[in-house]
Amino acid sequence: MTLEDDLEFATGWVDVLRKMHDGAADRGFLPGAMSCLRVHDVPQGMTADLGGIEAYQSMGHSFQVNLFSMAVIRDEELLKEAEACARGGQHGLDIHLIGLLSHRRGRVSFMSTGSWVAHTGVGKSIVHSQGYRTLAHRGYGLVDELRREGDEG
């Protein structure tokens with residue numbers, strides 16, 4: 001599992017990731033990265049029921065919150081390739097690793113339509129100065145436990 005240091009978690013968020021992972025496998029997918037922080041205002045594709053969690057296939061390139069199979073973590077060749085790509089360009093390790101999961105290993109990544117995690121570091125990131133774009137909101141479809149006045153749907 002990968003996490004950033006500026007997140008707020010709803011009760012049950014780990015179970016959501018597990019259900020998504022197992023649900024993807026039950027549907028015949030080789031699971032890639034599972035995320036329960038929705039970073040897109042509009043889902044990137046059709047939604048599917050993954051173990052009782054509504055989710056969509058995503059290339060959501062971030063480490064805000066992801067569950068990976070141990071096979072991914074142990075894939076030293078893939079991690080080294082992602083690192084080399086990151087060192088050679090404008091994108092971070094997260095973009096290359098999640099992309100390579102699909103392109104090199106045939107894994108499918110999913111993002112839940114509801115956010116069970118909120119990104120509390122909105123507007124406080126230093127990555128703009130490094131040429132990166134930051135997440136501009138706390139998460140779309142925040143579950144009630146995480147919702148604050150002014151949060152988007």
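- Going from atom CD1 of I53 over to atom CH2 of W116 covers 6.0 Å, rounded to the nearest 0.5 Å.
- For the pair S112 (side chain) and G114 (backbone), a donor-acceptor distance under 3.5 Å is present.
- Every residue two or more places apart in sequence or in another chain that forms a side chain to side chain contact (heavy atoms under 4.5 Å, CB included) with S35 is listed here: L37, V65, N66, M111.
- Among residues two or more places apart in sequence or in another chain, the side chain to side chain contact (heavy atoms under 4.5 Å, CB included) test is passed with R105 by D75, E77, L78, R107.
- Counting heavy atoms from C-beta outward, F110 and V108 have side chains that approach closer than 4.5 Å.
- Residues forming a ring pair (Phe, Tyr, Trp, His ring centres under 6.0 Å) with H40 (at least two apart in sequence, or on another chain): Y56.
- E8 pairs by the side chain to side chain contact (heavy atoms under 4.5 Å, CB included) definition with A118, T120, R138, L146, R148, not counting sequence neighbours.
- Partners of E83 under the side-chain hydrogen bond (donor to acceptor under 3.5 Å, both in side chains) rule, at least two apart in sequence or in another chain, are R87.
- Of all non-hydrogen atoms in G92 and A86, the two that sit nearest each other are C-CB, 3.8 Å.
- Screening residues 19-32 for salt bridge (charged side-chain N to carboxylate O under 4.0 Å, His left out), with sequence neighbours left out, gives no hits.
- To the nearest 0.5 Å, atoms CG (L50) and NE2 (H21) are separated by 11.0 Å.
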| Between T11 and E145, is a side-chain hydrogen bond (donor to acceptor under 3.5 Å, both in side chains) present by the stated rule, with each step listed? | CA-CA 8 Å; T11 304; E145 183 179 338; 3.2 Å; yes

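- Listed for the S109 side chain is a donor-acceptor partner under 3.5 Å among the backbone atoms of A33.
- Here the shortest heavy-atom pairing between P31 and S69 reads O-OG, 4.2 Å.
- Within the 4.5 Å cutoff, the side chain of D144 has heavy atoms near those of the R147 side chain.
- Here the shortest heavy-atom pairing between R38 and V42 reads NH2-N, 4.4 Å.
- Hydrophobic clustering, with ILVMFWY side chains joined whenever heavy atoms are under 4.5 angstrom apart, keeps L30 apart from M34.
- The nearest pair of heavy atoms linking M59 to G99 is CE-CA, 3.5 Å.
- Side chains of R104 and E81 form a contact here, defined as non-hydrogen atoms less than 4.5 Å apart.
- Contact detail for T113 and T47: the closest heavy-atom pair is CG2-CG2, 3.7 Å.
- For the residue pair V16 and C36, the shortest heavy atom distance occurs at CG1-CB, 3.9 Å.
- Going from atom CD of Q44 over to atom CG of D41 covers 10.0 Å, rounded to the nearest 0.5 Å.
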